[in-house]
Each structure stands twice: as structure tokens, then as C-alpha cells.
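What follows is a short report on a single structure.
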Amino acid sequence: MEFAAKWHFGGSIKIMDASYDDIKGSYVEFQASIEHHTFQHLGFGIGFFADEVDAREETPRALVLGDWNQTRDGVLLFLRARF
């Protein structure tokens, strides 16, 4: 979405839920950014991202998954080339 000349705001959310046998899990991702289209084919931006992976085994067995969760987040600084 362009909110001023040469400035663009963008974002996305992705959600996935899955199960296999007695293992259930989910994946969630969020991303938002602001970009400046400095030149016709080159720009820069800053943004934020976060994601989470969660998996669990409904009937735990030895040496298998159990309950697992991983979360990441951070700041993005980037150059973008468009052709």
C-alpha cells in the first residue's frame, strides 16, 4: 500500500495447522515493512518479523518429539531491486 510518494507499507500473516498420526503442530509468521522507492529499480526498507513453530505429540513415545516450541523475531534492514 503506497501512503506517500515513493513510500510503501507492506505486511503479511501466514498461518498453517497440520497433524500427522499423533503429532499436531502449527506455524505462524508475521511480517511488516516500510519501503522507500529511492530510484526506479532500487529502494531500501526497514521492517519487523516474527514466527513461531509449535509441535506436540499426543501420546509421547521414548526418543521422539514430546512437546516442542520455537520462536524467532527481529528487525529487517534491506535493499530491494525491482525489474
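Since we're looking at a predicted model, the values are computed, not measured. The figures that follow rest on heavy atoms only: side chains count, while hydrogens, waters and symmetry mates do not.
- Distance CZ/Phe30 to OG/Ser12: 8.0 Å, rounded to 0.5 Å.
- Annotation for Gly25 and Asp17: closest pair O-OD1, 2.9 Å, computed over non-hydrogen atoms.
- Classified by interplanar angle (parallel below 30°, tilted 30° to 60°, perpendicular above 60°), the ring pair Phe44/Trp7 is perpendicular.
- Formation of a donor-acceptor pair under 3.5 Å by the His41 side chain with backbone atoms of Arg82 is found in this model.
- Looking at every heavy atom in both residues, Phe49 comes nearest to Leu76 through CD2-CD2, 3.7 Å.
- Separating the CD atom in Glu57 from the CG atom in Asp67 is a distance of 10.0 Å, to the nearest 0.5 Å.
- Between Phe78 and Gly47, the shortest heavy-atom distance links the atoms CE2-N, 4.4 Å.
- Environment of CD in Gln70: crowded, with over 12 heavy atoms of neighbouring residues, nucleotides or ligands closer than 6.0 Å.
- Taking CG of Leu79 as the start and CD of Glu35 as the end, the distance is 10.5 Å to the nearest 0.5 Å.
- Val53 and Ile13 fall into different hydrophobic clusters, where Ile, Leu, Val, Met, Phe, Trp and Tyr are joined by side-chain heavy atoms under 4.5 Å apart, directly or via other members.
- Residues Tyr27 and Trp68 share a single hydrophobic cluster, defined by chaining ILVMFWY side chains whose heavy atoms lie under 4.5 Å apart.
- Atom NZ of Lys24 is separated from atom CG of Asp54 by 12.5 Å, given to the nearest 0.5 angstrom.
- For the atom pair CZ of Arg56 and OG of Ser19, the computed distance is 9.5 Å after rounding to the nearest 0.5 Å.
- In this structure, Glu29 CD and Gln31 CD are separated by 6.5 Å, a value rounded to the nearest 0.5 Å.
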